[in-house]
Q: 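Here's a structure for you.
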Amino acid sequence: MTAVKTLTLTRTFDAPRALVFKAFTDQKMLTEWWGPRGFTNPVSEWDARPGGKIKVVMRANDEIAKMMGVRDFPCGGEYVEIAAPERLVFITTATVGSDQRALVNRNTVTFEDQNGKTKLTLHVVVEHAIPEMAGALGGMEQGWSQSLDKLGELLAK
């Protein structure tokens, strides 16, 4: 099944563009903010170079795990384009059972300097999704919004 779903979110962070860009390429920073509220990342590997692999396991807290019936959400992907500090393109994948490409998203992030603040625009294109990923797609906007909220909190420190 090929999904024709897109999502665009825009946020302005009170942080310099280079730092916001770094938050999308620095493994330590990504580990802190990646994923919706209620999730941690016990596995978080980000090889920030074109062709570099992404490997993440998002782990749900007890409440979410009980509700969803699963605790760990393995994800993969790779960086496609890195044009620091203006633009970043990366693929993220999610797995269900043995299907290594249950969900494939192409994520394009642009970073615009606005007098020391950064306007971030995230554009997600769902390139592939199996029917079992309908729930994840339904929560994509909320999940990304919460992730960007966590990013804002990290940048404010």
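Every value quoted in this text rests on a predicted model; they were computed, and no experiment measured them.
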Q: Which atom pair, heavy atoms only, marks the closest approach of Gly35 to Met58?
A: CA-SD, 3.8 Å
Q: Holding to ring-ring contact (aromatic ring centres under 6.0 Å, His included), I want the full list of residues that pass it with Phe13, two or more places apart in sequence or in another chain.
A: none
Q: What pairs with Glu81 under side-chain hydrogen bond (donor to acceptor under 3.5 Å, both in side chains), at least two apart in sequence or on another chain?
A: Arg87
Q: Does Lys28 offer a backbone N or O that forms a donor-acceptor pair with the side chain of Asp26 under 3.5 Å?
A: yes
Q: Output yes when Asp47 and Lys53 qualify as a salt bridge under the 4.0 Å nitrogen-oxygen rule, no when they do not.
A: no
Q: Who are the side-chain hydrogen bond (donor to acceptor under 3.5 Å, both in side chains) partners of Glu153, not counting sequence neighbours?
A: Arg37
Q: Checking Lys55 now: which residues fulfil side-chain hydrogen bond (donor to acceptor under 3.5 Å, both in side chains) with it, not counting sequence neighbours?
A: none
Q: Just wondering, do Thr12 and Thr118 contact through their side chains at under 4.5 Å, heavy atoms?
A: no
Q: Identify the heavy atoms of Ala129 and Leu103 that sit nearest to each other, and give their distance.
A: CB-CD1, 3.7 Å
Q: With sequence neighbours excluded, what pairs up with Asn41 under the side-chain hydrogen bond (donor to acceptor under 3.5 Å, both in side chains) test?
A: none
Q: Might you point out which heavy atoms bring Gln146 and Pro36 nearest each other, and give the distance in Å?
A: OE1-CB, 3.3 Å
Q: Students often mix this up, so state it plainly: with edges at 30° and 60°, are the rings of Phe73 and Phe39 parallel, tilted or perpendicular?
A: perpendicular
Q: Which residues pass the ring-ring contact (aromatic ring centres under 6.0 Å, His included) test with Trp34, sequence neighbours left out?
A: Trp46, Trp144
Q: Under a 3.5 Å cutoff, is there a donor and acceptor pairing between the side chains of His123 and Thr108?
A: no
Q: Between Lys119 and Asp113, is the closest basic N to carboxylate O distance under 4.0 Å?
A: no
